[in-house]
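Some notes on the structure that comes next.
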2 protein chains.
Amino acid sequence: MVQKYQLEDKVLLAVDCIIFGFDEEDLKILLIKRNFEPEKGKWSLMGGFLKRHENLNMAANRILYQLTGIEQIYMEQLYAFSEVDRDPAERTISVAYYALINIKEHDKTLSDKHSAKWHSVTELPDLIFDHPEMIIKAMKRLRRRVSSKPIGFELLPEKFTMRQLQKLYESILGEKLDKRNFINKINALDILIKLEEKDMNSSRKGSFLYQFDAEKYQQKVEEGFSFKL
Amino acid sequence: MVQKYQLEDKVLLAVDCIIFGFDEEDLKILLIKRNFEPEKGKWSLMGGFLKRHENLNMAANRILYQLTGIEQIYMEQLYAFSEVDRDPAERTISVAYYALINIKEHDKTLSDKHSAKWHSVTELPDLIFDHPEMIIKAMKRLRRRVSSKPIGFELLPEKFTMRQLQKLYESILGEKLDKRNFINKINALDILIKLEEKDMNSSRKGSFLYQFDAEKYQQKVEEGFSFKL
DNA sequence: CCCTTAAGTGTTAATTATACATTTCCAAAT
DNA sequence: ATTTGGAAATGTATAATTAACACTTAAGGG
């Protein structure tokens, strides 16, 4: 038997998830109304505690599943928040994760059960603890990532239009982009499949639908290609 | 009194530090010989446990001070490592930090006390646990950061030559850079002070010494400038 | 005073990024 | 059948940035 680290302080380790979704125009975050103390009734990120048999990724997956019913969610560890008094109830360190989901495809009975609601990142409600700080950090990380990895597609339905993709990038980056330059760049990357099919909702003419070609992307990466937008 | 989170599992929270230094030619990491079980006698990153009254940054600072005697060290939180069996002695989550120091200016009596040695990143010894993974992640982070923030100077003495700076970037980025282009870029940033003084060690002619102008940099940042190399 | 060695220095070509306006297509209304 | 409205689709010219490249200078040591 190996000797243990006697006498060292132990702490509660929480995982909080910044869940991003995209709805036509706006980047949104899924927030829950806390139904337990402290700060019961306030808005909060979905969270939970790390269990003995789990690593942090597993905990984050479990927590994301609880709220969305989705099993394979794109997520990334963000940062460990550790101010001594960040949670007034008890010393708790929280490791924040951000996740990207298709806003149309989560289980609404589950999110309703947690009184969860989507909030536009531009008008967030009052949040508990250091959750605003977590969200700011998540936004920054997402902004950087989305320019160097093809993760934006996680926020869109499988088939999407160029305009949707552009709107997505605009709302993440917080700036207007030139339509032609955007399309030229995307096409130059050569990682989308243009479908025959059109989306007829946005205009009479309709606009072509595209799909992300994950295999082609993978192959290009192995050949030294790197996504850059 | 607020209610506590009963029944949740608590864990030990460690902090491990990847301490980078730069010695003429090579990017190096300061490693210690572990003088306690488990894995006593093997190489390891300097680490310690989070204490009740500390946040993670404070713990990292404390640990860095213990080994180097330096109080204001540039450091950044890297990632939380949480595999269930990462430490065979006991369930421990470790939050890794990386730090940049001037290799010439740490307290050698302290590092000797921990049997610490500098190892070139290109020839690292066997390390305990998941420390190799931590180092890989730190290298990647450092590579990205060094191109977008003027943190490389943390690894150099206050006065340095252009050649030293270039060698530093080359060893961090792992690629040769063109001398003229490098100097042109650096000069275009306009954040260095060229001194009258020359360093006569490297050549007969001697090479001019430079200093990072932190104030000027700050001012430029406030005016919207962003470092890019 | 000649040799050695690293320091210092600019220009051109290639690539990449930006700015920008017109035509096409389709359905709905007449 | 024809017109009309509204978003989709499309390419080029210019500017800005990045990459490639070789000779001269300075100073100490022999």
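We use all heavy atoms of the structure for the numbers below, so side chains are in, but hydrogens, waters and symmetry mates are not. A, B, ... follow the sequence lines: proteins, then strands. Residue 1 opens every chain.
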Ion pair check, Arg34(A) and Glu39(A), cut-off under 4.0 Å: no

From Ile73(A), Leu56(A), Leu78(A), residue fulfilling side-chain contact (heavy atoms from CB on, under 4.5 Å) relative to Tyr97(A): Leu56(A)

Parallel, tilted or perpendicular for His106(A) and Trp118(A), by the 30°/60° rule? perpendicular

For DNA chain D, which nucleotides open and close the run of contacts to chain B, 5' to 3', at under 4.0 angstrom from a non-hydrogen atom? dA19(D) to dG29(D)

Rounded to whole Å, please give me the gap between CD in Gln164(B) and P in dA6(C). 15 Å

Using 0.5 Å steps for rounding, measure from the CG atom of Leu27(A) to the CD1 atom of Ile103(A). 9.0 Å

Counting heavy atoms not belonging to Lys198(B), are there more than 12 under 6.0 Å from its NZ? yes

Salt-bridge present (Lys220(A), Asp190(A); N to O < 4.0 Å): yes

When the ring planes of Phe212(B) and Tyr217(B) are compared, do they come out parallel, tilted or perpendicular, using 30° and 60° as the limits? tilted

Is it true that Gln166(B) and Glu170(B) share a donor-acceptor pair across their side chains at a distance under 3.5 Å? yes

Lys185(B) NZ to dG10(C) P, in whole Å, measures 19 Å

For the residue pair Asn57(B) and Asn55(B), confirm or rule out a side-chain donor-acceptor distance under 3.5 Å. no

By a strict heavy-atom criterion of less than 4.0 Å, which residues belonging to residues 171-184 of chain B are in contact with DNA chain D? Asp178(B), Arg180(B), Asn181(B)

Separation of dG8(C) C1' from Leu165(B) CG (nearest whole Å): 16 Å

With a 4.0 Å cut-off, would you call Glu76(A) and Arg144(A) a salt bridge? no

Is there a residue in residues 194-209 of chain B whose heavy atoms reach under 4.0 Å of DNA chain D, and which residues are they? Arg204(B), Lys205(B)

